[in-house]
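Notes for the one structure printed next.
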Amino acid sequence: RRYPDILVHRLVTDLLMKRAKAKDAKGRAAVDKKSQVFASTGTRRSPWGGKFTSEIAAHCEHCNKQKLAAKNVQEDSAEIFLALFLQRNSYEADAVVLDLNGPKWMEVLLIEFGIEVRVWFGEDNSIKTKWNAQSKKMEVFPAPPPEERKVRKGTEPIAVLSNFDKIRVSIYTVFNESTMKADIRGRVIF
């Protein structure tokens with residue numbers, strides 16, 4: 001992680017040396033350009049040539065790939081440990097609706113953890129949902145008795161959800177055998 005910083009500092013040093021020509025008392029150059037050693041190359045070779053610039057670009061690209069890989073591993077590791085914790089305990093957290101896209105599920109952002117979780121409405125037997133495609137809102141109703149399949153007309157929804165609403169969810173882990181991965185899911189708390 002420190003290597004990119006060193007590259008940048010050496011290039012800045014070289015740039016400052018190039019721009020600020022040190023002068024002695026008589027106004028002559030105080031540094032002999034032929035004996036000048038550049039910090040970024042460690043030699044008298046200028047860092048501003050085409051070959052060196054392409055080498056620096058390749059180093060920077062490699063550093064960026066490594067940084068992104070390290071970030072992804074860190075995020076995946078945190079998610080794995082959260083999934084392991086949730087296998088034994090469910091947890092209630094505040095969330096923001098990110099993608100309310102139909103009657104089957106919605107994507108929420110868990111504010112406390114900074115991760116996205118899918119909430120499947122079909123997994124919650126205590127509610128029924130009605131998607132309004134025109135207003136892009138989800139009406140949530142209490143589930144009707146088992147002998148009735150649909151919510152009665154005139155029944156008031158217990159919630160009307162839309163994108164960017166703040167809600168409360170209970171999160172838990174489900175093992176997905178097809179992906180061999182523990183999925184973190186949520187259930188809306190009303």
Side-chain angles (χ1 to χ4, degrees), residues 1-5 7-8 58-190:
R1 290 183 175 187
R2 301 297 302 155
Y3 186 67
D5 294 339
L7 282 175
V8 169
H59 284 300
C60 291
E61 187 176 332
H62 175 73
C63 290
N64 287 337
K65 285 180 183 177
Q66 293 301 102
K67 183 178 179 181
L68 182 61
K71 180 182 175 215
N72 289 340
V73 167
Q74 181 180 2
E75 289 174 354
D76 289 347
S77 174
E79 197 168 323
I80 287 168
F81 282 106
L82 179 60
L84 289 172
F85 170 77
L86 293 173
Q87 278 184 326
R88 297 190 181 146
N89 316 298
S90 64
Y91 186 83
E92 292 184 9
D94 290 327
V96 175
V97 178
L98 294 180
D99 187 11
L100 188 58
N101 205 9
K104 295 183 180 182
W105 57 270
M106 69 177 166
E107 197 82 24
V108 300
L109 172 68
L110 298 173
I111 298 168
E112 187 174 342
F113 301 108
I115 61 172
E116 294 179 23
V117 173
R118 191 162 283 186
V119 175
W120 293 92
F121 295 115
E123 291 179 356
D124 190 348
N125 295 330
S126 66
I127 61 169
K128 288 287 183 184
T129 59
K130 182 179 176 190
W131 171 247
N132 185 330
Q134 193 171 23
S135 68
K136 302 225 184 245
K137 294 188 179 196
M138 177 72 69
E139 295 179 336
V140 183
F141 298 91
E147 61 273 2
E148 297 178 26
R149 295 189 77 178
K150 292 186 176 183
V151 176
R152 292 182 192 159
K153 287 192 177 203
T155 304
E156 291 293 316
I158 53 176
V160 178
L161 302 174
S162 60
N163 285 328
F164 307 112
D165 283 349
K166 186 176 177 184
I167 60 173
R168 189 105 176 129
V169 295
S170 173
I171 54 176
Y172 58 94
T173 300
V174 173
F175 184 72
N176 186 335
E177 290 184 22
S178 65
T179 62
M180 298 301 286
K181 184 179 174 187
D183 291 333
I184 299 173
R185 294 191 183 171
R187 183 174 288 124
V188 181
I189 299 171
F190 297 102

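Just so we're clear, the structure is a prediction, and the values are computed from it rather than from any experiment. Along the sequence shown, residues carry numbers from 1.
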So CD1 of I127 and CZ of F141: to nearest 0.5 Å the spacing works out to 11.0 Å
Residue pairs passing the salt bridge (Lys or Arg N to Asp or Glu O under 4.0 Å) test with at least one member in residues 116-128, sequence neighbours excluded, are E107-R118, E123-R185
To the nearest 0.5 Å, atom CZ of F113 lies from atom CD1 of I171 at 5.0 Å
Please list every donor-acceptor pair under 3.5 Å in which a side-chain atom of residues 89-99 meets a protein atom from a residue at least two apart or in another chain.
unit_1 : atom_1 : unit_2 : atom_2 : d
N89    : ND2    : F85    : O      : 3.4
Y91    : OH     : E112   : OE1    : 3.2
Y91    : OH     : E112   : OE2    : 2.7
D94    : OD1    : R168   : NH1    : 3.0

Those residues at least two apart in sequence (or on a different chain) that pass side chain to side chain donor-acceptor pair (under 3.5 Å) with S178 are N176
Walk me through whether K136 and W131 qualify under side chain to side chain contact (heavy atoms under 4.5 Å, CB included). CA-CA 7 Å; K136 302 225 184 245; W131 171 247; 4.1 Å; yes
**Study point:** side chain to side chain contact (heavy atoms under 4.5 Å, CB included) assessment of V117 paired with V169
**Key:** CA-CA 10 Å; V117 173; V169 295; over 6 Å; no
Tell me whether N72 at atom CG has more than 12 heavy atoms from other residues, nucleotides or ligands lying less than 6.0 Å away. yes
Here the gap from L82 atom CG to I184 atom CD1, rounded to the nearest 0.5 Å, amounts to 4.0 Å
I'd like a table of donor-acceptor pairs (distance under 3.5 Å, sequence neighbours excluded) in which one partner is a side-chain atom from residues 156-165, with atom names and distances.
unit_1 : atom_1 : unit_2 : atom_2 : d
S162   : OG     : D165   : OD1    : 3.4
S162   : OG     : D165   : OD2    : 3.3
N163   : OD1    : L100   : N      : 2.8
D165   : OD2    : S162   : N      : 2.8

For A182, the side-chain contact (heavy atoms from CB on, under 4.5 Å) test, sequence neighbours excluded, returns A83, T173
In short, W105 meets W120 closest at the heavy-atom pair CD1-CZ3, 3.6 Å
Contacts of S135 meeting side-chain contact (heavy atoms from CB on, under 4.5 Å) (sequence neighbours excluded), chain-then-number -> N132, K137
- Query: Checking S170 side chain against R187 main chain: does a donor-acceptor pair fall under 3.5 Å?
  - Reply: no
Interatomic distance, CG@D183 vs CZ@F175, rounded to 0.5 Å, equals 9.5 Å
